[in-house]
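Below is one structure; the comments refer to it alone.
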Amino acid sequence: MNEKAVWTIAFIFAVATLVLNNVLDAAVGGWLMTISFLAFAVAVVGAIYYISKLLIIQFFREKNR
C-alpha cells in the first residue's frame, strides 16, 4: 500500500469518526474514538520505545569506539 492510500484511509477514518461521534452522537462513533485513542497511545509508546532503543544502541556504539 502506498503512502497516498494510507493517508486517504486515515483521512476517511478521521472524518467518519468525527461525523459519527460529534454530529450524529452514535455509539459507533464512540467506539471509533476509543479505537483512535488506543491507536494514539500505542503510537506514543512505540515511538518512545524506538527512540530509547536507538539512543541506547548509539550510546554503546560511541562507547566502543
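None of these values were measured; they are calculated from a predicted model.
The stretch residues 49-59 participates, sequence neighbours left out, in no side-chain hydrogen bond (donor to acceptor under 3.5 Å, both in side chains) pair at all. Listed by first and then second residue, the side-chain hydrogen bond (donor to acceptor under 3.5 Å, both in side chains) pairs that reach into residues 1-14 are Glu3-Trp7, sequence neighbours excluded.
Under the 4.5 Å side-chain contact rule for hydrophobic residues, Phe13 and Met33 do not share a cluster. Cluster annotation: Trp31 and Leu20 are assigned to the same hydrophobic cluster (Ile/Leu/Val/Met/Phe/Trp/Tyr, side-chain heavy-atom contacts under 4.5 Å, transitive). Grouping the Ile, Leu, Val, Met, Phe, Trp and Tyr side chains by contacts below 4.5 angstrom, directly or via other members, places Val6 with Ile9.
If you chain together ILVMFWY residues whose side-chain heavy atoms come under 4.5 Å of each other, Ile51 ends up grouped with Leu55. Hydrophobic clustering, defined by side-chain heavy atoms of Ile, Leu, Val, Met, Phe, Trp and Tyr closer than 4.5 Å, groups Phe59 together with Ile56, Phe60. Grouping Ile, Leu, Val, Met, Phe, Trp and Tyr by side-chain contacts under 4.5 Å, direct or through others, leaves Leu18 on its own.
Remark: Val44 pairs with Phe40, Ile48 by the side chain to side chain contact (heavy atoms under 4.5 Å, CB included) rule, at least two apart or across chains.
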